[in-house]
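These values consider heavy atoms only, across backbone and side chains, with no hydrogens, waters or symmetry-generated copies. Treat the numbers as computed from the prediction; the structure is a model and nothing was measured.
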Amino acid sequence: MSKCKSVYYMDKGVRPLSLAGHVGFDSLPDQLVNKSICQGFCFNILCIGETGIGKSTLMDTLFNTNFENFESSHFEPQVKLRAQTYDLQESNVRLRLTVVNTVGFGDQMNKQESYQPVVDYIDRQFESYLQEELKIKRSLHNYHDSRVHACLYFISPSGHSLKSLDLVTMKKLDSKVNIIPVIAKADTISKSELHKFKIKIMSELVSNGVQIYQFPLDDETVAKVNTTMNGHLPFAVVGSTEEVSVGNKMVKARQYPWGVVQVENENHCDFVKLREMLICVNMEDLREQTHTRHYELYRRCKLEEMGFKDTGPESKPVSLQQTYEAKRQEFLVELQKREDEMRQMFVQRVKEKESELKEAERELQSRFEQLKRLHADEKAALEEKKRLLDEDQSSFSKRRAAAQLLQAQSLTANGKKDKDRKNSGFM
Amino acid sequence: MSEAVVPDAMVSPAVGGLHGEKAGGPAVDFSYVGIDAILEQMRRKAMKQGFELNIMVVGQSGLGKSTLMNTLFKSKVSRKSVLATAQEKIPKTIEIKSISHDIEEKGVRMKLTVIDTPGFGDQINNENCWQPIMKFINDQYEAYLQEEININRKKRIPDSRVHCCIYFIPPTGHCLRPLDVEFMRRLSKVVNIVPVIAKADTLTLEERDFFKKKIREELRANGIDVYPQKEFDEDAEDRMINEKIREMIPFAVVGSDQEYQVNGRRLLGRKTKWGTIEVENIAHCEFAYLRDLLIRTHMQNIKDITSSIHYEMYRVRRLNENNTVMAHANGIPEHHLSKEKFHSL
């Protein structure tokens, strides 16, 4: 019986081929898009900024809805993050949007640790995705991706420069998330001041080595608009959900005694640019960068930290498993050792206690014996005394009896004598 | 760091959608947010990245596999293995030949890999002839798994997994042969199988219907789940479409890469003395249905089932088997090893 051996060779060179007619696979992108429509999309935005700077209002304005927000107090002892998820729909596209806001950022007296909760949150999302990916039985296509895709950093409109808190926070976050800095409440800055402010901010970011998100330039269809927009960073935005009538239209705006700041007027602020860049043009790229750059970096660091290495090309799954097993063994051995140690210590202590107790018992026993002896002695002494007393008593009673007898005898003898005298007297 | 994250439950926004109009008063311009622009972004990204498709053709020699591939993709993607002289023996082993081409249509680029299996079913003793093929498919899964497990991963892992396996059934007109049943039974568990009746121009329409019914019955009787698999239908709409397809498989196809003049038009076909069979005419053969299924409508679905179901099953098997292998290697009793996640370290 001839065993069927296999011989296979892959043609390494991939040759281009021209088609003689219409095959039909140009519908492939449509098939892909249809599948995505069925699945729905996921987008997570993190907003970092001081309390009252306008994060929630901007989100409301961006997505044209009223997210349930409530004002936070300025007295939070620590920075917290609040995440809310919404299901939005526009034409046939369903979006699961998660907006994460910082609460109490910049309110504390000591802001050294302010960035830490944010970093921890981002890491936690990466961690849960990594865990899902490493599971044996996993369901990645059903997984609700909670990794932060874009981070809007709200800069206070001081007009001068970035605060040190801003620089420190952004430096810590730039390798973990796509940072898009925005200047909040831009209606408080005049145009010329704004221009100088933007230049100052960008130069400070560059000189401090902070890598903010650059809109991608590799796709020709959007390269041009992205390049222009890259030059307008950071976007100076104004948010408002109130409508004011301007001309014969109702527009979103802020009404002041001296005029109306229209949110969607490009001469007034960069809101439209932000919406365009964040949502209409680059949403997919933001998601992709998060997955291929930030997440991969996190995964690499985490796995290396856990001790995994890419050893040889032959046995990668095994080596990962091997390292895992080795570590597990190590861990189990360590655990066993600790357990033994603890047990030993326990036994030791028990012994010690036991001997202590025995000692005490012995002491007690000896004291008891002593006391008993003492009692016995006393009792003996008392008995002795009693005996003596008894003896005394008995001798005394004997003597008394003897004395009484004697007395009685002498009485009768005297009486007889008397009688005799008496008797003799009369004669 | 006692920092609390309060994730609120899923909330629908107060407004029903992002488009809306207020009744009465000046028309409110609820301006368009632009979320659906993401579809366009996805499309752009997909076009830029290009697609990959790996099709395997399995069948005895002479059934027209290469011709069918060439007809499907309207170009010479597969070289016909014509044995030149009688001296050239039939290969003693099953070879697996994988040839890749870059094709492009209307801006959509695709790397098409056709995996041919000359020698399948050609020996006198064909026991275990599926083994090399099974091994090849598993090797592709293994390569992908290794790439995925790497610490330093590539941005885009090259996908060489077999997405679809077209199995050619010789047009005997009776029923499936034991070789067919055995092969399909084993391979339907690891790859999407699309059975086709080759050289269907030797069957009349009645014979064809009878043959197809017989084949369907035998597939059902043997528990062979060919593509589209019943258990992977996602919703009612899917099920409806797929039921229609399931009633038509296996497709009776005729392949041809030569054009003939028919009724004033140049069409792909086979010219014989009694007439010209038009390959793309659905009254003549079911090639068009096959092409539509494979390429125009279900290509993405085929790839998805491969990556999310077949590959995942392989991965689970492989990772579990490593567990037990390591257990025996380290002398740990198996019940101590639980299928834990890596993070439990």
Side-chain angles (χ1 to χ4, degrees), chain A residues 1 4-8 10-11 14-17 19-21 23-29 31-33 35-36 41 63-66 78 80-87 89-91 93 95 116-117 131 134-137 141 250 279-280 283-284 292 300 303 306 310 316-317 320-321 325 327, chain B residues 3-8 10-15 17-18 26 28 33-39 41-43 45-47 51 73-75 93-96 98-103 105-106 108 110 125 128-129 132 146 149-151 155 295-296 299-300 308 316 319 322 326 339 341-343 345:
Chain A
M1 162 180 146
C4 293
K5 293 190 285 272
S6 77
V7 169
Y8 63 85
M10 305 258 272
D11 198 342
V14 182
R15 289 170 241 135
L17 206 57
L19 303 172
V23 175
F25 61 86
D26 54 340
S27 66
L28 208 47
Q31 293 180 33
L32 190 62
V33 164
K35 183 187 91 161
S36 302
F41 295 90
F63 290 100
N64 240 339
T65 55
N66 191 4
Q78 266 179 346
K80 293 203 287 251
L81 284 98
R82 191 171 59 226
Q84 285 160 310
T85 309
Y86 306 93
D87 278 327
Q89 178 152 5
E90 189 171 60
S91 59
V93 175
L95 180 73
Q116 195 63 47
Q131 286 178 16
L134 288 179
K135 272 195 202 162
I136 295 192
K137 267 208 161 113
H141 47 277
M250 295 287 281
I279 301 175
C280 304
M283 196 192 260
E284 185 59 34
T292 55
R300 204 167 30 235
L303 290 180
M306 292 209 289
D310 287 340
K316 258 185 226 96
L320 204 66
Q321 200 73 11
E325 278 308 317
K327 282 218 146 209
Chain B
E3 161 262 331
V5 175
V6 183
D8 283 8
M10 239 67 77
V11 173
S12 299
V15 181
L18 287 158
V28 170
V33 174
I35 291 183
D36 53 359
I38 196 173
L39 297 181
Q41 295 171 35
M42 276 201 94
R43 184 170 287 137
K45 181 176 99 167
M47 304 263 286
F51 297 89
F73 290 100
K74 294 223 165 64
S75 54
T93 60
I94 296 178
E95 296 177 353
I96 302 198
S98 166
I99 305 174
S100 299
H101 293 279
D102 265 336
I103 48 182
E105 192 173 59
K106 295 212 180 109
V108 179
M110 183 157 86
N125 186 346
N128 304 330
C129 60
Q146 286 193 13
I149 289 195
N150 256 345
I151 308 272
K155 225 175 194 185
I295 299 176
R296 294 190 186 169
M299 193 189 264
Q300 187 59 39
S308 58
V316 168
L319 293 182
N322 259 332
M326 293 320 295
K339 293 156 182 68
K341 307 174 211 164
F342 282 75
H343 83 287
L345 278 175

TODO: Please flag which part of B/Phe73 lies under 4.5 Å from any non-hydrogen atom of chain A: side chain, backbone, both or neither.
DONE: both
Open item on the list: Is B/Met299 close to chain A through its backbone or its side chain, or both, or neither, when contacts mean heavy atoms under 4.5 Å?
Closed with: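 Contact with chain A is through both the backbone and side chain of B/Met299.
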Open item on the list: Using the side chain to side chain contact (heavy atoms under 4.5 Å, CB included) criterion, which residues pair with A/Lys35? Sequence neighbours excluded.
Closed with: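 By the side chain to side chain contact (heavy atoms under 4.5 Å, CB included) rule, A/Lys35 matches A/Gln39, B/Gln300, B/Asp304.
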So what's closer than 4.5 Å to chain B heavy atoms on [X]: side chain, backbone, both or neither?
| X | answer |
| --- | --- |
| A/Leu95 | side chain |
| A/Val93 | side chain |
| A/Phe25 | both |

Open item on the list: Looking only at heavy atoms and a cut-off of under 4.5 Å, which of B/Asp102, B/Val108, B/Leu39 has the most pairs with chain A?
Closed with: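 Among the listed options, the one with the most contacts to chain A is B/Asp102.
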TODO: Can you measure from CD1 (B/Ile149) to CG (B/Leu319) and round to the nearest 0.5 angstrom?
DONE: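 Going from the CD1 atom of B/Ile149 to the CG atom of B/Leu319 covers 5.5 Å.
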Open item on the list: Would you compute the distance between atom CZ of A/Phe41 and atom CE of B/Met42 and round it to the nearest 0.5 angstrom?
Closed with: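 Spacing of CZ (A/Phe41) from CE (B/Met42) equals 5.0 Å.
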- [ ] Please name all residues satisfying salt bridge (charged side-chain N to carboxylate O under 4.0 Å, His left out) with B/Arg296, sequence neighbours left out, ordered by chain then number.
- [x] B/Asp292
Task: Smallest separation among heavy atoms of A/Ser91 and B/Asp36, with atom names - done: OG-OD2, 3.0 Å
